[in-house]
Enquirer: 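First the structure, which I've put down as structure tokens, then a few questions once you've had a look.
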Number of protein chains: 2
Amino acid sequence: MSTLAEFAEQLRLAGLRPTRQRVAIAALLFDGRHRHVSADSLTEEITAAGLRVSGGTVYNTLNQFTEAGLLRRVLVHNEYSLFDTNTDHHHHFYEASNDQLLDIPNDDVILAKLPQAPDGHEIKAVDVVIHIQSK
Amino acid sequence: MSTLAEFAEQLRLAGLRPTRQRVAIAALLFDGRHRHVSADSLTEEITAAGLRVSGGTVYNTLNQFTEAGLLRRVLVHNEYSLFDTNTDHHHHFYEASNDQLLDIPNDDVILAKLPQAPDGHEIKAVDVVIHIQSK
DNA sequence: ATAGCTGCAAATGCTTTGCAAGGCC
DNA sequence: GGCCTTGCAAAGCATTTGCAGCTAT
């Protein structure tokens, strides 16, 4: 459990002014659990919490948090963007039928080996999405 | 090298009427090389070939080809969609700085092991995108 | 005070869709 | 001929942006 002051400090460290909206969003997102949100689902959550943040600001905040390394953008489809509060290195299962994203537990089993990056390049990130469907 | 009649036959087998536009697009896409196209780059290519296919039809065709298994949609960003003419199981390097997508040669080194799909589910596809940048 | 934010609405860009005209079987 | 396709333009959506007013510091 964190206090609002701690969220403010976390934002300050990330180079972001701890404004009312950003602290509120941080408090919703970084409650200790790992979650996946879209601009839309986050807006609903904000509303459910009795708060109000304009649409543009939700998008801006999501992008700023991502740039600051507090969130990670996950690519599973191109209808809209999803953000993961878990920025550690890990991968995902994605079920298209209900647009559900799941963290892969114990993902160390996957990347036993990596290919060499092309000459003059280095690997920045590795995204693995395993598409699944009900049997 | 394939003839137009062969492309027509390929489309028919895929359950698609071999219309002028579809055959033309197939001839451009399936020339034996493996390529990555967007709706936009494909339209340019069509124009460069002295042909004309309306924008909506380019999108429809790309989707129909994908559904028919002739193309594979690759997710690397969500600015716009990319399609790969190589539908075999393989993975990609992606360089964001110039929006360049590269097939990973010899990709068997990667997926030494796969995690178990969640209960009641099965793995449909595995997408690996390795983001790279120049050193 | 002032640089940085927010809100709102308009703008953007890719993609889809509706409908009339045209082409494949 | 009948049904699937195409073309074109309009509509759709997620996201970004411009600008005036607000707010952390």
Side-chain angles (χ1 to χ4, degrees), chain A residues 4-28 36-47 51-68 70-71 73-83 99 101, chain B residues 4-28 36-44 46-47 51-68 70-71 73-83 96 99 101:
Chain A
L4 290 187
E6 285 168 339
F7 288 123
E9 185 53 24
Q10 183 183 8
L11 291 176
R12 222 175 258 112
L13 288 173
L16 296 169
R17 271 199 196 169
T19 63
R20 190 176 345 104
Q21 311 47 344
R22 299 214 267 231
V23 173
I25 291 177
L28 284 174
H36 306 115
V37 301
S38 63
D40 203 53
S41 75
L42 179 54
T43 300
E44 279 179 33
E45 216 175 313
I46 290 169
T47 304
L51 305 169
R52 243 207 74 65
V53 177
S54 80
T57 297
V58 171
Y59 278 103
N60 289 337
T61 303
L62 248 11
N63 286 333
Q64 292 150 358
F65 281 15
T66 300
E67 206 155 340
L70 303 174
L71 289 176
R73 192 185 287 265
V74 185
L75 289 165
V76 284
H77 58 200
N78 34 29
E79 275 57 302
Y80 51 85
S81 296
L82 282 180
F83 299 85
D99 195 37
L101 191 63
Chain B
L4 290 188
E6 285 168 339
F7 287 123
E9 185 53 24
Q10 182 183 8
L11 291 176
R12 221 175 258 113
L13 287 173
L16 297 169
R17 271 198 196 169
T19 63
R20 188 175 352 100
Q21 310 49 349
R22 298 213 267 232
V23 173
I25 290 177
L28 285 174
H36 306 117
V37 301
S38 63
D40 204 53
S41 76
L42 179 55
T43 300
E44 278 179 33
I46 290 169
T47 305
L51 305 170
R52 244 207 73 66
V53 177
S54 80
T57 298
V58 171
Y59 279 102
N60 289 337
T61 303
L62 247 13
N63 287 333
Q64 292 151 357
F65 281 16
T66 300
E67 206 155 340
L70 302 174
L71 289 176
R73 191 184 289 265
V74 185
L75 289 166
V76 282
H77 58 202
N78 35 28
E79 273 60 301
Y80 50 86
S81 297
L82 283 180
F83 299 84
D99 194 38
L101 191 62

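Throughout, a chain's letter reflects where its sequence line sits, starting with A, and its residues are numbered from 1.
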Enquirer: Which of these passes side-chain contact (heavy atoms from CB on, under 4.5 Å) with L71(A): L82(A), T66(A), N63(A)?
Expert: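 Only match with L71(A) under side-chain contact (heavy atoms from CB on, under 4.5 Å): T66(A).
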Enquirer: What's the CZ-C1' distance between R22(A) and dG7(C), to the nearest Å?
Expert: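 My rounded result for the distance is 14 Å.
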Enquirer: Determine the minimum heavy-atom distance between L70(B) and Q10(B), stating which atoms define it.
Expert: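 Looking at all heavy atoms of both residues, the shortest contact is CD2-NE2, 3.8 Å.
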Enquirer: CG of L42(A) to OG1 of T47(A): how many Å apart, nearest 0.5 Å?
Expert: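 Those atoms lie 9.0 Å apart.
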Enquirer: With a strict under 4.0 Å distance from non-hydrogen atoms of chain A, what nucleotide opens and what nucleotide closes the contacted stretch of DNA chain D, reading 5' to 3'?
Expert: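 Range of nucleotides within reach of chain A: dA14(D) to dT25(D).
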Enquirer: Nearest 0.5 Å please: distance from the CD atom of E79(B) over to the CG atom of N78(A).
Expert: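 Separation between the atoms: 10.0 Å.
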Enquirer: Compare every heavy atom of T57(B) with every heavy atom of T61(B), then report the nearest pair and how far apart it is.
Expert: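 Looking at all heavy atoms of both residues, the shortest contact is OG1-O, 2.6 Å.
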Enquirer: Which whole-number value in Å describes the distance from H77(A) NE2 to dT16(C) C1'?
Expert: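 Rounded to the whole Å, the gap is 16 Å.
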Enquirer: Going by heavy atoms in the side chains, are F65(B) and I25(B) under 4.5 Å from each other?
Expert: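 When only atoms from C-beta onward are counted, I25(B) and F65(B) do touch, with a gap below 4.5 Å.
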Enquirer: What are the atom names and distances for every N/O pair under 3.5 Å that joins the protein to nucleotides 19-24 of chain C?
Expert:
unit_1: dG23(C); atom_1: N2; unit_2: R17(B); atom_2: NH1; d: 3.0

Enquirer: Side chains of E9(B) and R12(B): does their closest heavy-atom pair fall under 4.5 Å?
Expert: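 Contact flag for E9(B)/R12(B) side chains = yes.
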Enquirer: When the C1' atoms of the five terminal pairs at each end define the local axes, what inter-axis angle does the helix from dA1(C)-dT25(D) to dC25(C)-dG1(D) show, to 10 degrees?
Expert: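 One end axis against the other gives 30°.
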Enquirer: Which side-chain N or O atoms in residues 13-23 of chain B pair as donor and acceptor under 3.5 Å with protein atoms at least two apart or in another chain?
Expert:
unit_1: T19(B); atom_1: OG1; unit_2: R22(B); atom_2: N; d: 3.3
unit_1: R22(B); atom_1: NE; unit_2: R17(B); atom_2: O; d: 3.1
unit_1: R22(B); atom_1: NH1; unit_2: Q64(B); atom_2: OE1; d: 2.8
unit_1: R22(B); atom_1: NH2; unit_2: R17(B); atom_2: O; d: 3.4

Enquirer: So what does S38(A) hit on the nucleic acid, given a heavy-atom distance under 4.0 Å: a base, only sugar-phosphate, or nothing?
Expert: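 The answer is nothing, as S38(A) stays clear of every strand by at least 4.0 Å.
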Enquirer: Give the residues of residues 53-64 of chain A touching DNA chain C, defined as any heavy atom closer than 4.0 Å, sorted by residue number.
Expert: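 Heavy-atom contacts with DNA chain C come from V53(A), S54(A), T57(A).
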Enquirer: How many angstroms lie between atom CD of E67(B) and atom CG of L62(B), to the nearest 0.5 angstrom?
Expert: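 Atom-to-atom, E67(B):CD and L62(B):CG are 12.5 Å apart.
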Enquirer: Can you see whether R73(A) engages S81(A) through a side-chain donor-acceptor pair at a distance of less than 3.5 angstrom?
Expert: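 Short answer, yes.
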Enquirer: Using 0.5 Å steps for rounding, measure from the OG atom of S38(A) to the CG atom of L101(A).
Expert: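 One gets 11.0 Å once the value is rounded to the nearest 0.5 Å.
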Enquirer: Going by side-chain contact (heavy atoms from CB on, under 4.5 Å), name the residues that satisfy it together with Y59(B), two or more places apart in sequence or in a different chain.
Expert: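 Per chain and number, Y59(B) pairs via side-chain contact (heavy atoms from CB on, under 4.5 Å) with A39(B).
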